[in-house]
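Written out below as structure tokens is the structure these notes cover.
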There are 2 protein chains.
Amino acid sequence: MKRTPRRTIYRLSVYLRSLQRLKEKQLVSVSSETLARATGVKPTQLRKDITHLGQVGKRGFGYQVEDLIRKLTEFMGANRFQPVVLVGVGNLGTALLSYRGFERAGFEIVAAFDADPARFRSKELPLKILPMDDLAAVIKERGIKIAILAIPGTVAQEVANRLVNVGITAILNFAPVILLTPDSVVVNNVDLALELENLAYFIQ
Amino acid sequence: MKRTPRRTIYRLSVYLRSLQRLKEKQLVSVSSETLARATGVKPTQLRKDITHLGQVGKRGFGYQVEDLIRKLTEFMGANRFQPVVLVGVGNLGTALLSYRGFERAGFEIVAAFDADPARFRSKELPLKILPMDDLAAVIKERGIKIAILAIPGTVAQEVANRLVNVGITAILNFAPVILLTPDSVVVNNVDLALELENLAYFIQ
DNA sequence: CTGTGTGAAGGCTTTCACAGCC
DNA sequence: GGCTGTGAAAGCCTTCACACAG
């Protein structure tokens with residue numbers, strides 16, 4: 001089997017999400033047609049994507065929901081159910097700390113850091129906020145690989161460097177800057193203003 | 001000139017962002033090489049993208065920062081500096097309300113709605129939260145085109161339908177579902193859990 | 001006969017190589 | 001000489017058409 005394209009991997013996550021909802025509705029099997037419609041792609045695309053999982057469906061019948069979920073989960077990793085650190089507990093960081101979606105997807109924020117851990121926090125947080133000085137110790141000790149970066153752009157690169165130095169290999173970056181990292185580190189950027197700007201372009 | 005690809009439009013926003021920082025540093029001109037490195041793309045790609053703006057650079061010299069910013073801004077729209085409504089003021093919605101990046105990018109959240117506007121809010125918000133019943137009136141009255149959706153997936157489709165019905169044509173969707181909308185409506189999805197999941201796949 | 005799996009075609013995006021202008 | 005602009009080539013992803021299994 002050829003290397004799986006990045007786009008395909010992304011869509012596979014989407015299918016998994018959608019299947020979990022179908023399972024909740026007690027659905028046992030599903031056709032590529034139905035699942036494709038639920039996820040906003042074309043049926044052929046979905047079948048092609050699923051090819052990367054190996055032999056899965058039954059011709060003339062469709063996919064077993066449970067089976068497909070199992071195969072997808074397995075494919076997406078081994079690497080899920082990972083501990084994650086959050087760096088930066090401002091407005092956005094606070095929201096991320098309280099976000100239930102991560103948990104459902106198999107991730108747990110096990111530590112949160114902020115330059116000023118003592119600063120007033122308006123709500124009770126589920127986690128004690130640690131000072132940045134503890135970053136290295138916690139990450140190394142627990143062997144954490146994934147970090148969420150929710151800090152101002154001005155300090156993002158510097159903090160990213162520190163994270164990479166202590167063993168982080170995957171960064172979900174909310175700072176509106178392009179991080180320069182070694183090739184061995186993978187970065188996903190979420191730039192909220194960019195999304196809006198991009199959206200606005202398409203308004204006629 | 002051919003139609004500008006979606007990916008290109010996206011990158012053009014990135015260049016604009018980066019140029020604004022360069023301008024703050026008093027830089028007057030910049031080469032495709034330099035700007036490309038700052039934004040994480042290849043110089044040829046950048047030049048190809050900039051082609052869509054028409055004749056911009058000086059050969060043998062580079063791009064005038066101010067000039068390029070002006071052309072990019074113009075190209076990206078007319079449609080920036082738009083009023084935006086926020087629907088859903090939970091953890092994430094609150095963070096978005098306080099997020100300064102939108103403002104800097106030329107967007108203002110002019111109204112925020114929640115199913116339960118009276119619910120306890122831990123911090124002072126810059127805007128009064130309105131009940132969902134006011135949605136139609138506010139959007140129609142002010143001719144708003146863009147909405148940010150930060151509500152649970154279970155109700156997202158229903159609310160999206162309402163938004164479309166009252167004139168919204170662009171949705172920034174944070175709910176982890178694929179929204180079904182008419183072709184005339186453009187939707188950008190930001191699924192935080194998906195981003196993490198995707199990231200985890202690439203850890204070796 | 002239904003609906004998956006897949007080679008081949010088609011379309012889109014990126015990269016290359018170099019012509020052209022300052 | 002240096003750096004942009006761009007046709008052509010390469011690469012990647014999506015769609016098609018249909019073989020084939022249940």
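Below, chains carry the letters A, B, ... as their sequence lines are ordered, and counting in each starts from 1.
You'll find the side chain of B/Leu68 reaches within 4.5 Å of the side chain of B/Ile50, heavy atoms only. At a threshold of 4.5 Å between non-hydrogen side-chain atoms, the residues A/Gln20 and A/Leu16 count as touching. Using a 4.5 Å heavy-atom threshold, the side chains of A/Thr94 and B/Asn91 count as separate.
Here C/dC22 is the nucleotide among C/dT13, C/dC22, D/dT6 with the atom lying nearest to any side-chain atom of B/Lys58. Between C/dT14, C/dT6, D/dG5, one nucleotide has an atom nearer to the side chain of B/Ile50 than all others, and that is D/dG5. In this structure, of D/dG22, D/dC16, D/dG5, it is D/dC16 that holds the atom nearest to the side chain of A/Thr44.
Atom CG in A/Leu53 sits roughly 14 Å away from atom P in C/dT4 (whole-Å rounding). Atom pair B/Lys71:NZ and D/dT4:P shows a separation of 15 Å (rounding to whole Å applied). Atom pair A/Asp49:CG and D/dT14:C1' shows a separation of 10 Å (rounding to whole Å applied). Across the protein-nucleic acid pair, B/Arg7 atom CZ and C/dT14 atom C1' stand 10 Å apart, rounded to whole Å. Remark: C1' of C/dT14 and NE2 of B/His52 are 12 Å apart, rounded to the nearest angstrom. Rounded to whole angstrom, the span from the CG atom of B/Leu46 across to the C1' atom of C/dT15 amounts to 14 Å. Counting to the nearest Å, the C1' atom of C/dT6 and the CD atom of A/Gln45 are 14 Å from each other.
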Derivation and outcome, side-chain hydrogen bond (donor to acceptor under 3.5 Å, both in side chains), residues B/Glu195 and A/Tyr10: CA-CA 8 Å; B/Glu195 296 291 336; A/Tyr10 201 84; 3.0 Å; yes
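In this structure, A/Gln55 reaches the C/dG5 phosphate: one of its side-chain N or O atoms is under 4.0 Å from OP1 or OP2. Within the structure, a side-chain polar atom (N or O) of A/Lys42 is placed less than 4.0 Å from OP1 or OP2 of D/dT15. Taking 4.0 angstrom as the limit, A/Arg47 places none of its side-chain polar atoms (N or O) nearer than this to OP1 or OP2 of C/dG3.
You'll find a donor-acceptor pair under 3.5 Å spanning the side chain of B/Arg59 and the base of C/dG20, going by distance alone. The base of C/dG7 sits within donor-acceptor range of the side chain of A/Lys48, with an N or O pair under 3.5 Å.
At distances below 3.5 Å, not a single donor-acceptor pair connects side-chain atoms of A/Arg104 with backbone N or O atoms of B/Ala193. In this structure, the side chain of A/Ser18 does not engage the main chain of A/Tyr15 through any donor-acceptor pair within 3.5 Å.
Along DNA chain D, the nucleotide nearest to B/Tyr63 and the one nearest to A/Arg11 differ in position, and the one closer to the 5' end is contacted by B/Tyr63.
DNA chain C lies under 4.0 Å from at least one heavy atom of each of the following residues of residues 28-41 of chain A: A/Ser31, A/Ser32.
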Under 3.5 Å donor-acceptor pairs involving side-chain atoms of residues 148-160 of chain B, not counting sequence neighbours:
residue  : atom : partner  : partner atom : Å
B/Gln157 : OE1  : B/Leu180 : N            : 2.8
B/Gln157 : NE2  : B/Asn161 : OD1          : 2.8
B/Gln157 : NE2  : B/Leu180 : O            : 3.0

